[in-house]
Amino acid sequence: MRVGTTPPPLVHSLRSQVSILKVRLLLLLLLAPLLYSSVRQPDWGDDFAQYLLQTRNIVEGRSMQDNGIVADPALPAFAIPAYPVGFPLLLLPFYSSDPFRTAPYFIVPALSLLLAAFACFLLLRKRFGVTTSLLSALLIAYHPVFLQAKTELLSDLPFIAFLLLGLQAMATEKEEPISRRNIVFAGLSFGLAMSMRLTGFLLLPTLLAWSVFDRSKRSAAGKIAGIALLLFAILNVVLFPIDLPGIWQFYRGAIAAQPLLLTDQFIFYLHQLNALFWISPFSWTGGLIVPGMLVYYWRKRDSLDAADWFLLAYAGLLMTIPYQGGGLRFLLPAIPLLLRNLLSLVRPFVLPVLQFRRYLHVAYAGIVLVLILPGIVDWLTTLERNDGPESLEGKRILSIVEQKTPKDAVIICAKPRAIQWYTGRRATYLIDGVLPARIDSAFAQLNARYLICERTGRPGAFADDKMNAYLLSFGDRYVPVDSTKQLTLWLRK
């Protein structure tokens with residue numbers, strides 16, 4: 001080919017495909033360190049045990065609701081009867097009958113974060129250049145809040161990964177058609193997202209709004225919703241049934257029991273947004289995100305895509321569910337979408353100075369590096385958790401439970417599902433807003449004779465106001481069986 005001539009279309013297409021492949025391989029190479037996990041054991045949180053118990057139930061053919069909890073049905077429930085089965089299915093290849101062999105399970109959140117960052121790159125690439133999209137994906141992958149999420153056996157990261165995979169498949173301009181392949185891919189991704197977390201059902205009003213405001217997407221939206229619901233039903237209703245009515249009843253009761261204060265929710269999540277910018281002089285920066293989003297949605301009001309509608313729906317959920325115990329955790333699905341919208345806001349100011357693109361990219365890389373550096377340092381220097389059920393202290397109390405309680409014992413404690421997973425003992429719990437006398441009556445009916453609590457005056461995973469109030473009234477009915485440095489096992493007289 002002579003110099004200066006235009007290459008044939010086929011050659012140009014091949015070169016473009018090779019270039020895209022090189023960028024994606026580079027991104028995967030930069031994300032590969034995520035597969036290293038310095039923390040490979042759970043803390044005393046109880047949710048992880050529910051997922052592991054459901055994985056056991058799949059292996060042994062048990063009901064998804066079999067989690068070892070016994071309770072008075074007249075009292076409020078401890079948690080939903082069973083989570084969607086998506087995350088337990090992901091844990092299935094690493095299942096072991098040894099409850100203390102939990103390290104292999106941590107490859108799942110690690111792979112999920114890698115996939116989520118890669119999907120974030122694909123989503124941003126539909127709107128921005130390669131360098132901006134790549135740096136943004138690295139910001140998501142290595143930000144301290146996402147690296148912290150990688151140390152937990154929870155469904156958040158798989159949910160985000162499948163959510164972003166589906167949204168990137170749907171990222172088209174207004175009136176632009178969606179290919180049949182992308183319709184199927186988005187439907188399957190959303191079905192898996194819904195099977196990770198029930199928050200995924202927000203995708204249904206997302207698809208509805210998307211189709212109403214862009215009529216060319218009505219057929220695609222209906223097909224995507226149908227595929228997603230069908231996959232969810234196959235997994236969670238047909239193959240591994242979960243108690244959907246029981247889940248609805250639990251959440252309805254939990255929401256009704258707490259007053260809704262929109263201003264409290266707004267202020268709480270505003271502080272969480274500020275926490276994303278950990279550097280002290282800029283710790284207020286998160287507060288600019290809210291007015292930034294108002295400007296973004298006003299400018300894009302005639303061309304909102306599915307990701308925009310989902311972010312609106314998710315923000316509405318956070319504002320109306322009166323729960324703040326998760327902290328930054330429940331903001332995680334919104335962060336990649338907020339970043340996408342913030343970059344869209346900045347872009348009009350950058351276009352006039354594109355001749356300085358290299359310097360702009362260097363500046364953005366510097367911002368990314370500053371924001372991710374503390375997470376990387378902590379990730380590389382944290383060897384292992386020094387608390388939790390698999391620490392020396394945790395193993396000691398679990399060993400005491402196994403050796404000094406009968407196999408049919410019912411244990412009263414703040415972590416009933418963890419007790420079931422590690423010891424095989426059934427367990428029960430204390431309830432907020434219920435008088436200690438009513439709780440004690442329920443324990444007597446359940447023949448719950450053993451109790452685990454923190455030693456007097458010590459804070460910890462097993463100490464809370466409910467336990468303190470109960471022991472203040474009925475502590476004299478128990479005698480100590482054995483203790484560790486932090487915990488005591490008691491027996492009802």
Can you find a heavy atom in the side chain of Leu345 that is under 4.5 Å from one in the side chain of Lys300? no

Go through the steps for Gln420 and Asn67 under the test side chain to side chain contact (heavy atoms under 4.5 Å, CB included), then give the verdict. CA-CA 7 Å; Gln420 162 69 191; Asn67 57 12; 5.8 Å; no

Main-chain N/O of Leu34 paired to Lys150 side chain as donor or acceptor, under 3.5 Å: yes

Candidates Lys415, Arg417, Arg197 - the one meeting salt bridge (Lys or Arg N to Asp or Glu O under 4.0 Å) with Asp47: Arg417

List the steps and the verdict of side-chain hydrogen bond (donor to acceptor under 3.5 Å, both in side chains) for Ser155 and Tyr51. CA-CA 9 Å; Ser155 59; Tyr51 289 117; 2.9 Å; yes

A side-chain contact here means heavy atoms from C-beta on lying under 4.5 Å apart; do Asp43 and Glu152 qualify? yes

Donor-acceptor pair, distance only, cut-off 3.5 Å: does the side chain of Asn57 make one with the backbone of Leu53? yes

Identified salt bridge (Lys or Arg N to Asp or Glu O under 4.0 Å) partner of Asp305 from the options Lys126, Lys217, Arg127: Arg127

Can you list the steps and then say if Leu273 with Leu338 is a side chain to side chain contact (heavy atoms under 4.5 Å, CB included)? CA-CA 10 Å; Leu273 287 173; Leu338 289 171; 3.9 Å; yes

Check whether any side-chain heavy atom of Asp308 lies under 4.5 Å from a side-chain heavy atom of Leu337, and answer yes or no. no

With rounding to the nearest 0.5 angstrom, report the CZ to CG distance, Phe106 to Leu153. 4.0 Å

Between Gln54 (side chain) and Met64 (backbone), is there a donor-acceptor pair under 3.5 Å? no

Aromatic ring pairing Tyr429/Phe78, orientation class (parallel under 30°, perpendicular over 60°, tilted between): tilted

Do Asp378 and Leu147 come within less than 4.5 Å of each other through their side chains, counting heavy atoms only? no

Check: Phe330 ring centre within less than 6.0 Å of Tyr269 ring centre: no

Is the backbone N or O of Trp298 less than 3.5 Å from a side-chain atom of Arg301, with the two atoms forming a donor-acceptor pair by type? yes

For Tyr364, run the side chain to side chain contact (heavy atoms under 4.5 Å, CB included) check against Leu369, Thr132, Val346 and tell me which one passes. Thr132

Starting from the C-alpha separation in whole Å, work towards a yes-or-no answer on side chain to side chain contact (heavy atoms under 4.5 Å, CB included) for Tyr422 and Thr102. CA-CA 11 Å; Tyr422 284 106; Thr102 55; 4.1 Å; yes

Rounded to the nearest 0.5 Å, how far apart are CG of Leu342 and CG of Leu288? 9.5 Å

State, with a plain yes or no, whether a side-chain heavy atom of Phe118 is found less than 4.5 Å away from one of Arg24. yes

Beyond-backbone contact of Phe190 with Leu167, side-chain heavy atoms, under 4.5 angstrom: yes

When rounded to the nearest 0.5 angstrom, what is the spacing between CG in Leu163 and CG in Leu332? 12.0 Å

Do Asn236 and Met194 touch side chain to side chain, with heavy atoms closer than 4.5 Å? no

Report yes if some heavy atom in the side chain of Leu90 is under 4.5 Å from a heavy atom in the side chain of Leu111; otherwise report no. no

Treating Gln265 as the side-chain partner and Thr320 as the backbone partner, does any N or O pair qualify as donor plus acceptor under 3.5 Å? no

Nearest 0.5 Å, what's the CG-CZ distance between Leu91 and Phe48? 11.5 Å

Quick check against the 3.5 Å criterion: does Gln41 have a side-chain atom that pairs as donor or acceptor with the backbone of Gly388? no

Side chains of Ser63 and Gln65 only: does a donor on one sit below 3.5 Å from an acceptor on the other? yes

Whether the Ser344 and Tyr296 side chains hold a donor-acceptor pair (N or O, under 3.5 Å, no angle test) is what I'd like checked. no

Parallel, tilted or perpendicular: which fits the ring planes of Phe159 and Phe310, with parallel below 30° and perpendicular above 60°? tilted

